[in-house]
Amino acid sequence: MQLGLSAAPERTQWLGEIQPLPVLVISSVALLIIGVVMISSASMDLAVETMGNGYHYVIRQLMFAIMGCMLALVSVNVPVAWWERSGWLLLGIGLLVLVLVLTPLGRTVNGSTRWIPFGLFNVQVSEVAKLCLIAYLAGYVVRRRDELLNTWPGFLKPLVVLGVASALLVIQPDFGATVVLVTAAAGMIFLSGVRLSRFVPLIAILVVLGVILVLTQPYRLKRVVSYLDPWKDQFDSGYQLTQSLIAFGRGDWSGVGLGNSIQKLFFLPEAHTDFIFAIIAEEFGLIGSLIVLGLFTVLVVTGFVIARRAEKADMPFGACFAYGITLLIGLQAGINMAVSTGLLPTKGLTLPLVSYGGSSLMISCVCIGILARVEMERLDKEKQASEKTAPRKRGGARYE
């Protein structure tokens with residue numbers, strides 16, 4: 001069974017000569033290293049002030065990175081078929097953690113209840129839920145493809161699941177994670193072959209709901225207003241964005257040098273988490289920003305190449321799952337960088353593999369491991385097919 005893109009003309013044949021697996025690993029490791037280095041720079045003064053230890057955040061990030069690499073190795077060794085078989089289990093886990101965080105088990109920080117404490121660190125449940133829901137939806141797309149493509153009930157069923165998950169995310173509130181999940185899921189469903197016309201009423205409904213959510217919550221309305229003109233109220237609602245833009249301005253072409261950022265000195269809030277990209281821009285300038293942007297572009301393109309190759313190799317679930325995971329990473333990275341540069345209103349989204357935070361980092365590593373597993377299974381399938389079609393040898397004779 002082929003997904004919808006299989007009928008499209010091949011326009012990137014030159015990508016067929018590139019092996020995506022090493023490119024995936026190199027770009028991911030490069031971003032991971034950049035993240036550790038930049039967190040050590042961006043968080044040191046804050047750690048001294050709040051924790052009494054300048055290395056507090058970077059040590060924890062190193063621990064998260066090691067744990068993330070271990071989880072990536074585990075996910076590389078988990079067959080893709082397991083994720084397909086466990087769709088209902090993963091859906092249950094995803095919805096369960098979204099419910100649990102709203103109970104007394106949840107931890108509230110800055111007015112949002114998004115975390116469940118687990119000893120040494122807190123788990124951000126939206127990160128776990130996004131991966132679980134994408135896995136379930138990929139299985140649904142493969143199992144019910146004919147129903148999904150040809151009937152409205154088949155199209156609406158996964159949207160009901162998304163609606164429940166989105167409602168639970170909005171209650172936290174975590175509007176940024178809701179946008180990423182819904183957009184990634186919709187993109188995955190579209191790539192399965194669903195006609196674009198089916199999405200028109202969905203897009204209209206989402207726009208209306210988005211406007212309602214903004215207008216009914218004063219802090220969201222304040223963010224939109226400050227986004228349109230952050231300098232109008234630069235010491236209140238526009239403070240975070242204006243400080244981020246100042247960081248970009250100070251960075252110029254080549255930056256002020258590693259460790260020499262001024263904005264990280266308690267001017268830019270969340271400098272080591274949501275706005276780490278602004279500190280990268282300040283310390284390494286436009287050149288450094290473009291390198292990070294380029295690495296994410298390479299990572300996302302590689303993910304799509306892996307998904308496309310899996311699709312051509314008749315691995316529908318692996319292809320659909322890889323499309324969904326790649327969209328998750330790409331959308332979150334794109335939104336984070338767009339927020340830092342003032343292209344989108346401020347949202348609490350981390351930069352995958354780079355920002356401080358155990359949940360985001362470890363789930364991102366799991367996603368990279370899954371992409372690698374999809375490609376490895378495709379290569380194994382290709383190797384087995386070539387062995388079956390190759391001429392057999394017995395003694396010195398060849399049998400055609």
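Only heavy atoms go into these numbers, but all of them, side chains included; no hydrogens, no water, no symmetry mates.
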Looking only at heavy atoms, the pair that brings Thr151 and Glu147 closest together is OG1-O, 2.7 Å

Closest non-hydrogen atoms of Gln263 and Ala247, given as atom of the first, atom of the second and distance, are CG-CB, 3.6 Å

Here the pair of heavy atoms bringing Val80 nearest to Val374 is CG2-CG2, 3.9 Å

- Sub-4.5 Å side-chain heavy-atom contact between Leu89 and Cys132: no

Check: Do other residues, nucleotides or ligands put more than 12 heavy atoms under 6.0 Å from the CH2 atom of Trp253?
Finding: no

What I'd like to find out is whether the side chain of Leu24 reaches to under 4.5 Å of the side chain of Pro20, using heavy atoms alone. no

Scanning both residues in full, the closest heavy-atom pair of Phe317 with Ala135 reads CE1-O, 3.7 Å

Is there side-chain contact between Leu71 and Ser75, with heavy atoms separated by less than 4.5 Å?
-> no

Between the OH atom in Tyr140 and the CG atom in Leu91, the distance rounded to the nearest 0.5 Å is 12.5 Å

* Would Leu131 and Ile325 count as a side chain to side chain contact (heavy atoms under 4.5 Å, CB included) if you check the C-alpha gap in whole Å, the side-chain angles of each, and the deciding distance to 0.1 Å? -> CA-CA 7 Å; Leu131 178 60; Ile325 286 174; 4.3 Å; yes

**Item:** Criterion side-chain hydrogen bond (donor to acceptor under 3.5 Å, both in side chains) on Ser41 and Glu283, from CA distance to verdict
**Value:** CA-CA 9 Å; Ser41 173; Glu283 295 192 348; 2.8 Å; yes

> Do Leu181 and Leu162 touch side chain to side chain, with heavy atoms closer than 4.5 Å?
Replying inline: yes

query: In the single-linkage hydrophobic clustering (I, L, V, M, F, W, Y; side-chain heavy atoms under 4.5 Å), do Trp152 and Leu159 co-cluster?
result: yes

Where do Met38 and Gln61 land on the side chain to side chain contact (heavy atoms under 4.5 Å, CB included) test, with the steps shown first? CA-CA 11 Å; Met38 291 311 304; Gln61 187 72 357; over 6 Å; no

Tightest non-hydrogen contact, residues Asp174 and Thr178, listed as O-OG1, 2.8 Å

Whether the side chain of Ser86 engages the backbone of Trp83 through a donor-acceptor N/O pair (distance < 3.5 Å, no angle test) should be reported.
no

Side-chain heavy atoms of Val164 within contact of Leu98, under 4.5 Å: no

Rounding to 0.5 Å, atoms OG1 (Thr297) and CG (Leu290) come to a distance of 9.5 Å

ILVMFWY network linking Ile279 to Val36, side-chain heavy atoms under 4.5 angstrom | no

Q: Using the side chain to side chain contact (heavy atoms under 4.5 Å, CB included) rule, take Leu32 and Leu361 through it: C-alpha gap first, then chi angles, then the decisive distance, then the call.
A: CA-CA 9 Å; Leu32 199 60; Leu361 178 59; 3.1 Å; yes

If two hydrophobic side chains count as joined below 4.5 Å and joins carry through other members, does Ile26 share a cluster with Leu353? no

Here the gap from Glu282 atom CD to Leu268 atom CG, rounded to the nearest 0.5 Å, amounts to 8.5 Å

Value for CG (Leu351) from OG1 (Thr273), rounded to nearest 0.5 Å, stands at 11.0 Å

- Check whether any side-chain heavy atom of Gln240 lies under 4.5 Å from a side-chain heavy atom of Glu270, and answer yes or no. yes

The reported gap from CD1 in Ile93 to CG in Leu100 (rounded to nearest 0.5 angstrom) is 11.5 Å

Do Phe175 and Val207 land in one hydrophobic cluster if side-chain heavy atoms of ILVMFWY residues count as linked below 4.5 Å? yes

Any salt bridge linking Arg373 with Glu377? Criterion: basic side-chain nitrogen under 4.0 Å from a carboxylate oxygen. yes

Quiz prompt | Close side-chain approach of Arg144 to Lys157, heavy-atom, < 4.5 Å | solution = yes

Please check if the distance between the ring centroids of Phe277 and Phe248 is under 6.0 Å. yes

Looking only at heavy atoms, the pair that brings Asp274 and Leu349 closest together is OD1-O, 3.6 Å

- Quick check: are there more than 12 heavy atoms from other residues, nucleotides or ligands sitting under 6.0 Å from CZ of Arg107? no

task = Ignoring hydrogens and angles, state whether a donor on the side chain of Ser360 or Thr350 is under 3.5 Å from an acceptor on the partner side chain.
result = yes

The test is side chain to side chain contact (heavy atoms under 4.5 Å, CB included); show your working for Val354 and Asn336 and say whether it passes. CA-CA 11 Å; Val354 179; Asn336 177 279; over 6 Å; no

Practice problem: For Lys130 and Val180, indicate whether the former's side chain and the latter's backbone hold a donor-acceptor pair under 3.5 Å. | Solution: no

Beyond-backbone contact of Ile134 with Leu327, side-chain heavy atoms, under 4.5 angstrom:
no

One should read off an interatomic distance between Arg309 CZ and Met315 CE, to the nearest 0.5 angstrom, of 12.5 Å

| request: May I ask whether Met44 and Leu258 are part of the same hydrophobic cluster, defined by side-chain heavy atoms of I, L, V, M, F, W, Y residues being less than 4.5 angstrom apart, directly or through others? | output: no

* Over 60° means perpendicular and under 30° means parallel, so classify the ring planes of Tyr57 and Tyr356, tilted if in between. => perpendicular

Heavy-atom neighbours of Phe199 CZ exceed 12 at 6.0 Å
yes

